[in-house]
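Everything below concerns the one structure shown next.
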Amino acid sequence: MGACNIIVIDFETTGLSPHYGDRTIEVGAVHVANNRIVDQYQSLMNPEVRISNFIADYTGISNKMLSKAPKIKEVMEQLRSFIGHLPLVAHNASFDSRFLDSEMDRLNHKRDNEFACSMLTARRLYPDAPNHKLETLVQYKRIVTDGTHHRALADATMAAHLWINMIADIKEMYELPEVPFTLMQRLGKVPKKKVDEFMAKFRT
DNA sequence: TGCCAGGCCCTCTTTAGGGCCTT
C-alpha cells in the first residue's frame with residue numbers, strides 16, 4: 001500500500017554538507033494517505049551554532065528564533081515517531097536523506113525507511129518543464145500555495161502536492177489504476193530514453 | 001545571492017567536465 005501511504009519530508013539546514021558540520025534547523029513532514037495530506041509535523045530546532053546571514057535570509061529563520069527552539073535531539077525523536085517505517089519522499093532526496101541519516105546517526109539510530117526523490121521522478125515525467133526546482137514545478141503544475149518558500153513545512157507540503165499530481169498524471173498517461181511507491185521510486189532511476197519501455201511493464 | 005558537497009545526468013563521454021538540485 002506504499003503508493004497511498006508515505007511521508008514527504010523537507011529540512012532547512014545551516015548549509016549543504018553534514019559531513020562538514022552542517023546541522024538541521026527545521027523539519028517539515030506531511031503524511032500522505034490515499035493521495036491526500038492527512039497529518040503534518042513541523043519544528044524548528046536549535047543547532048547551538050549561529051547560522052549565517054545567507055541562511056537567515058534564504059529561510060527567514062533567525063538566530064533568535066532558533067535560540068528558543070528545542071534541541072535537535074528532541075525534535076529528531078519526535079520526527080522518528082512521526083515517520084515510523086513509512087516510505088519517505090523528498091525533493092532532491094539525496095540532500096534530505098544525508099541530513100536525516102546524519103542526525104539520526106548522532107542518536108545511534110539507523111533509518112530503515114525507503115526513500116524516493118520527487119525531483120528525479122519529475123525529470124522523467126516532465127522533461128519539458130523549464131527546470132526541475134520545486135518552486136518551478138509547483139508553478140508548472142499550477143499547484144496552489146500560500147506563497148511561502150524555503151520553510152520546511154511549506155516545501156514539504158508543496159512536494160507532497162507535486163507527488164500527488166505526478167501519481168495522477170501517471171495514472172492518466174499510462175492508464176494505470178494504481179501507482180505503487182516502488183514504481184515512483186524506480187521511475188526516478190530509469191534512463192530517460194527508457195521511461196516508456198519501463199512504464200509498459202506495469203500496464204496490464 | 002556563497003561556494004564549503006554529492007548524486008544524477010548529459011555530452012563535444014567512458015583515461016572527463018560541467019550543469020542541475022538541495023541549504
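Every chain is numbered from 1, with letters handed out A, B, ... down the list of sequences.
When rounded to the nearest whole Å, the span between NE2 of His91(A) and P of dC21(B) equals 7 Å. Straight-line distance from the CG atom of Leu66(A) to the P atom of dT23(B): 16 Å, rounded to whole Å. Between the CD atom of Gln185(A) and the C1' atom of dG7(B) there is a distance of 15 Å, given to the nearest Å. Whole-Å rounding puts the Ile51(A) CD1 to dG2(B) C1' distance at 15 Å. Atom CE in Met119(A) sits about 8 Å away from atom C1' in dG7(B), given to the nearest Å. Rounded to whole angstrom, the span from the NZ atom of Lys189(A) across to the C1' atom of dC8(B) amounts to 8 Å. If you measure from atom NE2 of His149(A) to atom P of dC21(B), you get 16 Å, rounded to the nearest angstrom. Residue His150(A) contributes atom NE2, which lies 12 Å from atom C1' of dC21(B) at whole-angstrom precision.
Here, dC20(B) and dG2(B) have their P atoms 14 Å apart, quoted to the whole Å. Straight-line distance between the C1' atoms of dT14(B) and dC10(B): roughly 13 Å, to the nearest whole Å. To the nearest whole angstrom, the two P atoms, one in dT13(B) and one in dG18(B), are 13 Å apart. Straight-line distance between the P atoms of dC12(B) and dG7(B): roughly 26 Å, to the nearest whole Å.
Within the 4.5 Å cutoff, the side chain of Asn5(A) has no heavy atoms near those of the Phe181(A) side chain. For the pair Thr24(A)/Met76(A), a side-chain contact is recorded, criterion being any heavy-atom separation below 4.5 Å from C-beta on. A 4.5 Å side-chain heavy-atom check between Tyr41(A) and Ile83(A) finds every atom pair outside the cut-off.
Note on ring orientation: taking the six-membered ring where Trp is involved, the planes of Phe82(A) and His31(A) are perpendicular (angle over 60°, cut-offs 30° and 60°).
Judged purely by atom type and a 3.5 angstrom limit, Glu26(A) uses its side chain to pair as donor or acceptor with the backbone of Ala152(A). With hydrogens and angles ignored, the 3.5 Å screen pairs no side-chain donor or acceptor of Asn46(A) with any backbone N or O of Lys68(A).
OP1 or OP2 of dT23(B) sits under 4.0 Å from a side-chain N or O of Tyr58(A). Within the 4.0 Å cut-off from OP1 or OP2 of dT22(B), not a single side-chain nitrogen or oxygen of Lys133(A) is found. Taking side-chain N and O atoms only, His19(A) has no distance below 4.0 Å to OP1 or OP2 of dA5(B).
Considering only side-chain atoms of Phe95(A), the nucleotide from dA5(B), dC8(B), dT23(B) that sits closest is dT23(B). Taking the side chain of Phe54(A) as heavy atoms from C-beta on, and the options dT1(B), dA5(B), dC8(B), the nearest nucleotide is dT1(B). Residue Asn92(A) has its side chain nearest to dC21(B) when only dG7(B), dT1(B), dC21(B) are considered. Side chain of Leu16(A), nearest nucleotide from dG2(B), dC3(B), dG7(B): dC3(B). For Ser94(A), the listed nucleotide lying nearest its side chain is dG6(B); candidates were dG6(B), dC10(B), dC21(B).
In this structure, Asp155(A) reaches the sugar-phosphate backbone alone: every heavy-atom distance under 4.0 Å involves primed, P, OP1 or OP2 atoms, never a base. Contact annotation for Asp10(A): backbone-only contact, meaning every heavy-atom pair under 4.0 Å involves sugar-phosphate atoms and none involves a base. Among the atoms of the strands shown, only primed sugar atoms or phosphate atoms (P, OP1, OP2) are found under 4.0 Å from some heavy atom of Leu134(A). Counting non-hydrogen atoms under 4.0 angstrom, Phe11(A) reaches the backbone sugars and phosphates but no base. Residue contacts shown for Gly188(A) are limited to sugar-phosphate atoms, with no base heavy atom under 4.0 Å away.
Remark on DNA chain B: of its neighbouring residues Ile25(A) and Pro191(A), the 5'-side contact belongs to Pro191(A), judged by nearest-heavy-atom nucleotide. Residue whose closest nucleotide on DNA chain B sits further toward the 5' end, between Thr13(A) and Ser17(A): Ser17(A).
Salt-bridge annotation for Arg23(A) and Glu103(A): present, with a side-chain N of the basic residue lying under 4.0 Å from a carboxylate O of the acidic one.
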